[in-house]
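These notes concern the structure reproduced below.
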There are 2 protein chains.
Amino acid sequence: MPSSRVTQADVARHAGVSRTTVSFVLSGREDIRISVEARQRILGAAEELGYRPNLTAQSLRTRKTFTIGLVSDVVASGNYAGGLIQGALEAALERDHLLYVAETGDVPEVEQRLLRGMIDRQVDGMIHASMSTRGRRPAHHSPEHPTVLLNHLDQSGELACVVPDEEKAGAEALGMLLEAGHREGVHVVGGHHRTEAAPDGVHAGRERMRGIARAAAAAGVRLAGVAECDWSTPEGGYRAVRTLLGGTAAPKALVCCNDRLAFGAYQALAESGLRVPEDVSVISFDDSELASWLRPGLTSVAIPHRELGRAAVSLLLSDDLTPTIHRIPMPVHRRGSIAPPR
Amino acid sequence: MPSSRVTQADVARHAGVSRTTVSFVLSGREDIRISVEARQRILGAAEELGYRPNLTAQSLRTRKTFTIGLVSDVVASGNYAGGLIQGALEAALERDHLLYVAETGDVPEVEQRLLRGMIDRQVDGMIHASMSTRGRRPAHHSPEHPTVLLNHLDQSGELACVVPDEEKAGAEALGMLLEAGHREGVHVVGGHHRTEAAPDGVHAGRERMRGIARAAAAAGVRLAGVAECDWSTPEGGYRAVRTLLGGTAAPKALVCCNDRLAFGAYQALAESGLRVPEDVSVISFDDSELASWLRPGLTSVAIPHRELGRAAVSLLLSDDLTPTIHRIPMPVHRRGSIAPPR
DNA sequence: GTGAAAGCGCTAACAT
DNA sequence: ATGTTAGCGCTTTCAC
C-alpha cells in the first residue's frame, strides 16, 4: 500500500525542479539562493498538491522531533493536571511542539517503560512533574535529553527546576491577615503536612510554614498555634478547628494550608455557629474551584498551574538548562473570607 | 555529531552477522528461521551493547508510530481531565503506545494546527474528546486516521463513540430514592442544563432527565418539580433549593444533576436548618471529590472517567471502528445522604 | 539460514 | 543557482 501522501518528490516533479531545491525552499533556508521564479513554482505546487512534510522522515534525518514528554508521578491525575498540561501545551504549541503526556503512578517499572518509550521516540526533551519532594532523580537523565523538573526540586543539583514560590506565598498569606489587623488568635491549620510517608513534611508545607513564620516574626506577631494534620481531605481541617474551638481562647483567624482544609474549617465553624469572616477570618492556598464555591468565597493563594507548565516548557526549549531553581509567583485571589478582627 | 546510540548495525557487527539477521531476530519474526546459535549471539550483543530500537526509523519504514493522539476541546482542563487521560494512558501503555495530549480550547485554528501536527507525526489514531454534544465533526477525519469520539456523539453517524450511559444513570439515581421509599416531594435540581449557548440543554442533561422520567413513570411516581438551572457552579443549586424552600410543600428528596449543584443544595438546606438526610435526601451525579468531602457524604453516580479513557483507546486500537455507540456504565457510590422519608 | 540491496521521505555535503 | 548523491536506522524482498 503506497502512502497516499504527497511528498517532496511529487512537488519537485510538479514544479520541474530537483528534490533538493524543494527541500531548500520548503525549509525556508536563506543561505542558499534560489531563483524567485523557481521558488514560486515550488510553493505553488506544494500548495496545489496539499503537500505536508513527513515529520517522521524529517526527524530521522535531523534528530529533532518537535515533541516533548511530560511525565508525572501522580500529579497529572489530580486537579493539578489540567492547568499544568494546559500551560505546557500552550507553550509547546507556540513553538510548534507536541506533548506526550504520561503518568508513572510512582511505579518504577512503569516509569522505566515510559521514559524508554519517549527516548526511543526521540523526544527533544522531558519534563518530570512530581508531588513528592524526595523523588529519586529521573532514571534516564542524560545530557542528550534535556530535562526540567516541575513542581519539585532536584536533590542532585544538576537539573533546572520550576516550582511555585511557596515561601513567599506563605508570607503573603499571613500578610493578608496582618493587613486586615489580625495580630492575635492567628492559627495555622495543616502545618508541614507531616505523614508517616514524609515525617519531615512536604516541600510545599515546609516552605509555606517558613514564609508564614518569617512574616509573623517580621511583624512581631506570635502565632497562636499550628495544627499539624493531613492535607488530603477536609477532615483534617474540620477536626483541627473543632479542637481549637474546644479550647480556651477563640481563634480569630486561620491560615489553612489548602482549600480542602479550609473547607473543613468552614464546616466546623458553621457547626459552632461562628461566621466567616465576621467571627473568624480565613485564608488558604490552592485557589481551587472550591474556594469560589464556598460561602463566603474563600481568599486563597493560587497555585499557578498554567504558568508552571508554561515555564517548564519555555525553559526546556530555551536550551539554557543551567541547574537553576525558577520560582513562579503565587497570586492571591481575594474573596470575602477576611475581615478585620472585632 | 554522530548519534551515540547503538544501532542494529552495531549489534550486527558485534555478533558477526548481517543487519538483516539482526532485524529478523530483534523483531521476533517466526516465519524466518535463524540458527539458535546466531540468535543467541545477537540477543547477547544487543543486551550487552544496550541496544534500543530507533522508533523514528522504524516508523518511517512501517508507517506505524505506536502513538495515539488525544485531543479535547476543553475537557482536559477541568476535573474531567485526570481520569480520562489516566485511563487512556493505561490502556495505551498496555499496548505499548504513547499518548499525545492536546487541547483546542474550542478554537478552530488551534484544532487545525494540532490535528495537522499529529497527522504529520503519523499518529496511529486519534481520540476526540469533547463536552459539547453539538460538536462539528473532527476537521481532519479520514479513513487513514482511525478516530474515536469520546464523551460526545457523532451526528454524522460515521464514527465510533464512547459515552457514559447517562440515561441508565438517571434511572438508577431516581431508583435509589424510590428504593429508600420516597414517592413524594422528589425534585430535580439542574434539569437539562439549558443555557443560551445550548437552548436544548446538554447531552448529559437530556439523557439523565430521560432516565429519571422513565424510572419515575415505571414506578408510577410523579416528580414534584424540575428546577432548570446552570450546572457550572453551586450557585444554581443553592438558589433553586432556596426557591423550593420558600414554596408551600417542603421537598423530601433531591436529585441534583451534579455534585456542585448538590453542594449548593446542602448550603441552602443548612441555612434553613434542614438536615441531610433526616429531612431531605440527596442524590447526585459526578462522584467528584466534593461528594466525599460533604457532610454527610453525598451519594453520587460516578462518571467513569478512567473507563471512558480506557474504552476509547481499546476501541481505537481494536481496529473494529464500526460506528457504534459504546455506553459505559456509571456506578453509583453510596454515602450517607439518603434516608427513608419521615 | 543468511546476506545484499533497495527504499521509507527527508536533509545536506558536495559538485556543477 | 540548481542538481547529484549519500545517508539517517530500519524493514523486507529476493538471491545465495
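In what follows, every chain begins at residue 1, and chains take the letters A, B, ... in the order their sequences are listed.
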Mind listing the N/O atom pairs, protein and nucleotides 4-6 of chain D, below 3.5 Å?
unit_1: D:dT4; atom_1: O4; unit_2: A:Thr20; atom_2: OG1; d: 2.7

How many whole angstroms separate atom [atom1] of [X] from atom [atom2] of [N]?
| X | N | atom1 | atom2 | answer |
| --- | --- | --- | --- | --- |
| B:Arg5 | D:dC10 | CZ | C1' | 13 Å |
| B:Phe24 | D:dT12 | CZ | P | 8 Å |
| B:Arg41 | C:dT2 | CZ | C1' | 11 Å |
| B:Ile42 | D:dT11 | CD1 | P | 13 Å |
| A:Asp120 | D:dG9 | CG | P | 14 Å |
| A:Asp10 | C:dG9 | CG | C1' | 10 Å |
| A:Leu26 | C:dA12 | CG | P | 14 Å |
| A:Arg121 | D:dC10 | CZ | P | 14 Å |

Heavy atoms under 4.0 Å, any strand shown: does B:Gln8 hit a base, just sugar-phosphate, or nothing?
-> base

So what does B:Ser23 hit on the nucleic acid, given a heavy-atom distance under 4.0 Å: a base, only sugar-phosphate, or nothing?
-> base

Partners meeting ring-ring contact (aromatic ring centres under 6.0 Å, His included) with A:Tyr100 (sequence neighbours left out) | B:Tyr100

Could you tell me whether the phosphate oxygens of C:dT2, OP1 or OP2, come under 4.0 Å of any side-chain nitrogen or oxygen in B:Ser35?
-> yes

Reckon A:Gln58 has a side-chain N or O less than 4.0 Å from the OP1 or OP2 of C:dG9?
-> no

For the side chain of A:Thr7, starting at C-beta, report the closest nucleotide among C:dC10, D:dC10, C:dT2.
-> C:dC10

The nucleotide from D:dC8, C:dC8, D:dC10 with an atom nearest the side chain of B:Leu60 is C:dC8

Sorted by first residue and then second, give each salt bridge (Lys or Arg N to Asp or Glu O under 4.0 Å) pair with at least one member in residues 308-318 of chain B; sequence neighbours left out.
-> B:Glu90-B:Arg310, B:Glu94-B:Arg310

Could you go through the side chain to side chain contact (heavy atoms under 4.5 Å, CB included) check for A:Leu115 and A:Thr104 one step at a time?
-> CA-CA 10 Å; A:Leu115 294 185; A:Thr104 68; over 6 Å; no

Rounding to the nearest 10°, end axes of the helix from C:dG1-D:dC16 to C:dT16-D:dA1 built from five pairs each make an angle of 50°

Residues forming a salt bridge (Lys or Arg N to Asp or Glu O under 4.0 Å) with A:Asp96, sequence neighbours excluded = B:Arg113

Go through the structure and list residues passing salt bridge (Lys or Arg N to Asp or Glu O under 4.0 Å) with B:Glu37, not counting sequence neighbours.
-> B:Arg41

A:Asp124/A:Arg95 ion pair, N-O < 4.0 Å | no

Partners of A:Asp165 by side chain to side chain donor-acceptor pair (under 3.5 Å), sequence neighbours excluded?
-> none

Check the pair B:Gln122 / B:Thr65 against side chain to side chain donor-acceptor pair (under 3.5 Å), numbers first and verdict last.
-> CA-CA 6 Å; B:Gln122 313 203 124; B:Thr65 55; over 6 Å; no

Would you list the pairs meeting ring-ring contact (aromatic ring centres under 6.0 Å, His included) in which at least one residue belongs to residues 52-73 of chain A, sequence neighbours left out?
-> A:Phe66-A:His97

Mind checking side chain to side chain contact (heavy atoms under 4.5 Å, CB included) for B:Leu49 and listing every partner two or more places apart, or none if nothing turns up?
-> B:Val6, B:Asp10, B:Val11, B:His14

Earlier contact from the 5' end, DNA chain C, for B:Arg39 and B:Ala57 = B:Arg39

